[in-house]
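Below is one structure, written out as structure tokens, with a few remarks after it.
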Amino acid sequence: RGLGDVYKRQEHYHVPRMIYVNKMDIMGADFYHVLDMVHERLKCNAVPIQVPIGSDDSFEGIVDLVDMNADVYLDDLGKQMVTEEIPESMKELAEEYRDKLLAAVSDFDDEIMEMYLEGEDVPADKIRAAIRKATVAVKMVPVTCGTSYKNKGVQKLLDAVVDYMPSPLDIPSIKGIDPETGEFVETTGGMTTPMVNSVGADFDIPKGASAYANPGYKFLRWQSVDGS
């Protein structure tokens, strides 16, 4: 229930998001079951951009569905990693989820749709651009995986945050109170724009409501109608 409530608030405030399926090395880990649960319970357009190589004790690495290669870890702490061809035993599954990824992003890029329908290879850069476009527009939720405790998949997760999550300049302008003048102002993201100190009563935000600060909003604080 807690995750569902948080997700509903993110939907309400139009917050771009990603999903990271952690602890892939733990007994009972099942990436595909988690994916099914996300689709069933959250009703969101969750699209894997990675799939795991193995699970439990056999978790070895990650297949990158954008670049169509495999990151394989050679030690227990994720310090030694090699990028190589997708293992033969994973190729059919990787092709299946690559096809699902292309079908999903083709809705946001006409050129990708044309290439996909004609069976042409789609460049990785175009796929990344389409994923970012859909993610920033809150039309798609990229899904990644790994095991953070052992530092496996964390590198790919950070790369995905950079590639697909919005920068301050991607966030629409917002209105707030100028801390120096007390006047309402409209501001955008970026280091040189005025900082929004609080949101005014005109926004009709319930007292005690959670505050969601998108990148670029900095220290955003809700102010209730009665000023508390």
Side-chain angles (χ1 to χ4, degrees), residues 2-3 6-7 16-42 44-106 112 115-116 119-135 140-165:
L3 175 60
V6 170
Y7 191 86
R17 72 216 69 151
M18 294 175 56
I19 292 175
Y20 174 62
V21 182
N22 194 15
K23 300 182 179 180
M24 285 304 306
D25 61 328
I26 300 299
M27 182 181 298
D30 189 334
F31 176 83
Y32 306 99
H33 179 60
V34 171
L35 191 62
D36 289 341
M37 290 175 61
V38 167
H39 288 147
E40 178 184 348
R41 298 183 184 183
L42 301 182
C44 69
N45 186 25
V47 181
I49 58 174
Q50 304 167 0
V51 291
I53 302 175
S55 61
D56 294 2
D57 292 339
S58 64
F59 178 68
E60 299 178 359
I62 293 165
V63 171
D64 186 326
L65 298 175
V66 177
D67 289 321
M68 285 303 280
N69 55 30
D71 289 342
V72 177
Y73 296 93
L74 305 179
D75 65 337
D76 289 335
L77 297 178
K79 294 182 178 180
Q80 300 179 39
M81 183 192 78
V82 295
T83 300
E84 55 187 38
E85 292 187 2
I86 298 171
E88 192 66 35
S89 61
M90 288 287 300
K91 284 187 176 180
E92 184 176 349
L93 185 67
E95 289 291 348
E96 175 187 346
Y97 278 89
R98 163 80 168 197
D99 191 69
K100 292 180 179 180
L101 172 60
L102 290 176
V105 299
S106 66
I112 290 180
M115 298 176 73
Y116 171 68
E120 299 179 12
D121 289 335
V122 183
D125 288 346
K126 289 194 68 64
I127 298 174
R128 288 192 185 91
I131 295 173
R132 178 181 177 82
K133 179 181 179 181
T135 303
M140 174 177 156
V141 181
V143 183
T144 63
C145 62
T147 172
S148 299
Y149 181 71
K150 294 185 178 179
N151 199 35
K152 297 179 180 180
V154 177
Q155 306 93 333
K156 281 288 189 181
L157 173 62
L158 295 176
D159 288 343
V161 169
V162 173
D163 287 340
Y164 308 127
M165 297 303 286

Stepwise, does the side-chain contact (heavy atoms from CB on, under 4.5 Å) test hold for Y20 with V154?
CA-CA 9 Å; Y20 174 62; V154 177; 4.2 Å; yes

Within the 4.5 Å heavy-atom criterion, are V66 and L101 side-chain neighbours or not?
yes

With a 4.0 Å cut-off, would you call K91 and E88 a salt bridge?
yes

Are R41 and Y7 in a cation-pi contact, defined as NZ or CZ under 6.0 Å from the six-membered ring centre and within 45° of the axis?
no

Going by atom types alone, do Y73 and N151 pair a side-chain donor with an acceptor below 3.5 Å?
no

Any idea which heavy atoms bring C44 and V38 closest together, and the distance?
SG-CG1, 3.5 Å

Side-chain heavy atoms of M18 within contact of T144, under 4.5 Å:
yes

Scan for salt bridge (Lys or Arg N to Asp or Glu O under 4.0 Å) pairs involving residues 149-159, sequence neighbours excluded, and state none if there are none.
D25-K150, D64-K156, D71-K156

Of all the heavy-atom pairs spanning M24 and F31, show the shortest one and how long it is.
CE-CB, 3.9 Å

Let's go through Y116 and D99 carefully: what are the C-alpha distance in whole Å and the side-chain angles of both, what is the deciding distance for side chain to side chain donor-acceptor pair (under 3.5 Å) to 0.1 Å, and is it a yes or a no?
CA-CA 9 Å; Y116 171 68; D99 191 69; 3.3 Å; yes

Roughly how far, to the nearest 0.5 Å, is CD of Q155 from CG of L157?
9.5 Å

Is any side-chain heavy atom of K79 closer than 4.5 Å to one of L74?
no

Side chains of residues 51-59: which donor-acceptor pairs under 3.5 Å do they make with residues two or more places apart or in other chains?
residue	atom	partner	partner atom	Å
D56	OD1	G28	N	3.0
D56	OD1	A29	N	3.3
S58	OG	S55	N	3.3
S58	OG	S55	O	2.6

For the residue pair M68 and I86, establish whether any side-chain heavy-atom pair is separated by less than 4.5 Å.
yes

Looking only at atom types and distance, does a side-chain atom of H39 sit under 3.5 Å from a main-chain N or O of A46, one as donor and one as acceptor?
yes

If you take all heavy atoms of A94 and V63, which pair is closest and at what distance?
CB-CG1, 4.0 Å

Determine all donor-acceptor pairs shorter than 3.5 Å in which one atom belongs to a side chain in residues 119-130; sequence neighbours excluded.
residue	atom	partner	partner atom	Å
D125	OD1	R128	NH1	3.3
K126	NZ	E111	OE1	3.2
R128	NH2	D67	OD1	2.7
R128	NH2	D67	OD2	2.7

For a 4.5 angstrom cut-off between non-hydrogen side-chain atoms, does P142 reach I19?
no

So do E85 and N69 actually touch side chain to side chain, heavy atoms under 4.5 Å?
no

Does the side-chain contact (heavy atoms from CB on, under 4.5 Å) test come out yes or no for M140 and V105, once each step is laid out?
CA-CA 9 Å; M140 174 177 156; V105 299; 4.2 Å; yes

Y32 and Y97: aromatic ring centres closer than 6.0 Å?
yes

State, yes or no, whether a side-chain contact exists between Y164 and P16 at a heavy-atom distance under 4.5 Å.
no

Give a yes or no on this: more than 12 heavy atoms of other residues, nucleotides or ligands lie within 6.0 Å of atom NE2 of H33.
no

pair I131-D163: side-chain heavy atoms closer than 4.5 Å:
no

Quick one, E84 with V72, criterion side-chain contact (heavy atoms from CB on, under 4.5 Å). Give me CA distance, side-chain angles, the key distance, then yes/no.
CA-CA 7 Å; E84 55 187 38; V72 177; 3.4 Å; yes

Rounded to the nearest 0.5 Å, how far does CE of M90 lie from CD of E60?
10.0 Å

The single option from L35, V47, V34 passing side-chain contact (heavy atoms from CB on, under 4.5 Å) against V143:
L35

